[in-house]
Each structure stands twice: as structure tokens, then as C-alpha cells.
Amino acid sequence: MHYAYDTDTKKLYGTGKNSILLMTQESYSADGLTAKPAKTTITGISNKTAGKLVISWKKSKGAKGYEIYRRAGTSNSYVKAAVIQSGSTIRYTNMKLKKGHTYYYRIRSYTYDKNGKKVYSGWSTVKSQKVK
């Protein structure tokens, strides 16, 4: 639902983050009841072992878990590489990767609404790494 205020009301109560009517800084899902978890950030991709990449990220406030998506090269589509079912996990090892290929990763965190349906954050910034 969307409300439009006239100029006098906007002057009286303020707008955006300056509004005295703002109840929270958290974004909400479409059902209007469940706060979306915060977006996470990939902090690094380690390439110490042949055929493996270790992806690490910042813990996301309110997350019950994470979904990691990967694509090989720049023209392929993203595929789900892993579902991490713990909000406190901050590292994943992706194995059996092809030597010399560059892989691109993005992560989103999730929580559950009152009906048990996943509510997702936005995507992290994409990071890439070439496999040894």
C-alpha cells in the first residue's frame, strides 16, 4: 500500500530518513510482516589448492542461511552452488572446479516468514577468481 502526502504534511513530519513517522530502518518483505535480512558482502575468494576456491563473506544480520550462486565465464548463467543452512557460517569451499577457468560468485542471505517461506536479501556484489 502506498500513501501520498501533501506539501504541508511533508513539511510537518519530514520525509525519508528524516521523517518522525519512520518506525524502522529495516526493509520488509512483500507480506509486510517479515524483515528482510541484511545484504552480505563477499570478503574474499582464496585459491590455495588446485581445483578449489574458498569463498568467505561477512555475517548478515538476521540471516538464517545463505545461497551461493556461481557462473563460469562471463556469458554463462548463474547456477546455485550451495545452500548454507546456518546464519553464522561465513565460509564455503567450492570443489571440483576446472583449472584455468574464472568463476564469478554472488551471495544472498535469507530468513523465514511466519509461514516458513524464505525471504531474501538483495544480492552481494559479484566477485571472481581464476582457478589454479
Side-chain angles (χ1 to χ4, degrees):
M1 190 174 280
H2 179 75
Y3 297 97
Y5 295 104
D6 62 25
T7 305
D8 290 336
T9 304
K10 288 179 183 178
K11 285 180 185 175
L12 180 63
Y13 295 113
T15 58
K17 291 183 179 181
N18 297 323
S19 174
I20 62 170
L21 301 176
L22 185 66
M23 294 187 299
T24 181
Q25 295 294 332
E26 301 292 330
S27 56
Y28 281 79
S29 67
D31 70 7
L33 301 173
T34 306
K36 289 183 180 182
K39 189 187 299 188
T40 190
T41 303
I42 297 174
T43 56
I45 301 176
S46 172
N47 188 19
K48 294 179 181 174
T49 308
K52 294 182 183 180
L53 293 176
V54 179
I55 299 93
S56 55
W57 59 90
K58 287 184 180 178
K59 190 175 176 180
S60 175
K61 182 181 177 188
K64 298 293 184 196
Y66 304 92
E67 289 186 356
I68 302 169
Y69 281 72
R70 171 193 74 220
R71 78 175 181 189
T74 56
S75 60
N76 296 322
S77 57
Y78 280 94
V79 294
K80 192 183 295 184
V83 176
I84 309 299
Q85 297 181 343
S86 168
S88 60
T89 300
I90 56 167
R91 186 171 287 131
Y92 167 72
T93 302
N94 199 183
M95 300 186 281
K96 298 182 182 178
L97 300 173
K98 292 183 182 179
K99 181 180 178 181
H101 283 74
T102 299
Y103 292 90
Y104 296 80
Y105 292 88
R106 64 184 184 175
I107 301 175
R108 64 182 176 177
S109 53
Y110 67 85
T111 190
Y112 296 100
D113 68 10
K114 65 179 181 168
N115 299 318
K117 185 178 175 190
K118 283 184 179 177
V119 176
Y120 296 100
S121 70
W123 290 105
S124 69
T125 303
V126 174
K127 298 275 186 175
S128 65
Q129 180 67 47
K130 188 173 185 177
V131 178
K132 285 184 178 183

Set out, in order, the CA-CA distance, both residues' side-chain angles and the distance that settles side-chain contact (heavy atoms from CB on, under 4.5 Å) for Lys36 and Ser121, then state yes or no.
CA-CA 6 Å; Lys36 289 183 180 182; Ser121 70; 5.6 Å; no

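- Asp113 places a side-chain N or O within donor-acceptor distance of the main-chain N or O of Asn115, the cut-off being under 3.5 Å.
- Within 6.0 Å of the NZ atom in Lys132, the count of heavy atoms belonging to other residues, nucleotides or ligands exceeds 12.
- Remark: the Thr40 side chain and the Ser124 side chain contain no N/O donor-acceptor pair separated by less than 3.5 Å.
- Separating the CD atom in Gln129 from the NE2 atom in His101 is a distance of 14.5 Å, to the nearest 0.5 Å.
- Put simply, the residue from Tyr92, Tyr105, Trp123 that forms a ring pair (Phe, Tyr, Trp, His ring centres under 6.0 Å) with Tyr69 is Trp123.
- The nearest pair of heavy atoms linking Arg106 to Val126 is CB-CG2, 4.1 Å.
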Going through the checks in order, is the side chain to side chain donor-acceptor pair (under 3.5 Å) test met by Thr102 and Ser128?
CA-CA 7 Å; Thr102 299; Ser128 65; over 6 Å; no

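- Side-chain atoms of Thr43 come within 3.5 Å of backbone atoms of Ser56 as a donor-acceptor pair (strictly under, hydrogens ignored).
- In this structure Tyr66 satisfies the ring-ring contact (aromatic ring centres under 6.0 Å, His included) test together with Trp57, sequence neighbours excluded.
- Not counting sequence neighbours, the partners of Lys118 by the salt bridge (charged side-chain N to carboxylate O under 4.0 Å, His left out) test are Glu67.
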Given Asn94 and Ile68, is the side-chain contact (heavy atoms from CB on, under 4.5 Å) satisfied, shown in steps?
CA-CA 10 Å; Asn94 199 183; Ile68 302 169; over 6 Å; no

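- In terms of heavy-atom proximity, Ala38 sits nearest to Ser109 at O-OG, 2.8 Å.
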Walk me through whether Arg70 and Leu97 qualify under side-chain contact (heavy atoms from CB on, under 4.5 Å).
CA-CA 11 Å; Arg70 171 193 74 220; Leu97 300 173; 4.0 Å; yes

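- A single hydrophobic cluster is seen to contain both Tyr120 and Tyr112, as judged by linkage of ILVMFWY side chains at heavy-atom distances under 4.5 Å, directly or through other members.
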Please tabulate, for the side chains in residues 80-88, all donor-acceptor contacts under 3.5 angstrom to protein atoms that are two or more places apart in sequence or on a different chain.
{"from": "Ser86", "atom 1": "OG", "to": "Ser88", "atom 2": "N", "distance (Å)": "3.3"}
{"from": "Ser86", "atom 1": "OG", "to": "Ser88", "atom 2": "OG", "distance (Å)": "3.0"}
{"from": "Ser86", "atom 1": "OG", "to": "Thr89", "atom 2": "OG1", "distance (Å)": "3.4"}

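- Residues in residues 38-58 take part in no salt bridge (charged side-chain N to carboxylate O under 4.0 Å, His left out) pair, two or more places apart or across chains.
- Within the model, atoms CD1 of Ile107 and OG1 of Thr125 stand 11.0 Å from one another, a figure rounded to the nearest 0.5 Å.
- When the ring-ring contact (aromatic ring centres under 6.0 Å, His included) test is applied to Tyr104, no partner is found at least two apart in sequence or on another chain.
- When side chains are defined from C-beta on, Leu53 counts as touching Val131, because their heavy atoms get closer than 4.5 Å.
- Apart from Val54 itself, the hydrophobic cluster it occupies contains nothing, where clustering links Ile, Leu, Val, Met, Phe, Trp and Tyr at side-chain heavy-atom distances under 4.5 Å.
- Taking each heavy atom of Pro37 and Thr111 in turn, the nearest pair found is CD-CG2, 3.7 Å.
- Looking only at side-chain heavy atoms (C-beta outward), Ile55 and Tyr103 stay at 4.5 Å or farther from each other.
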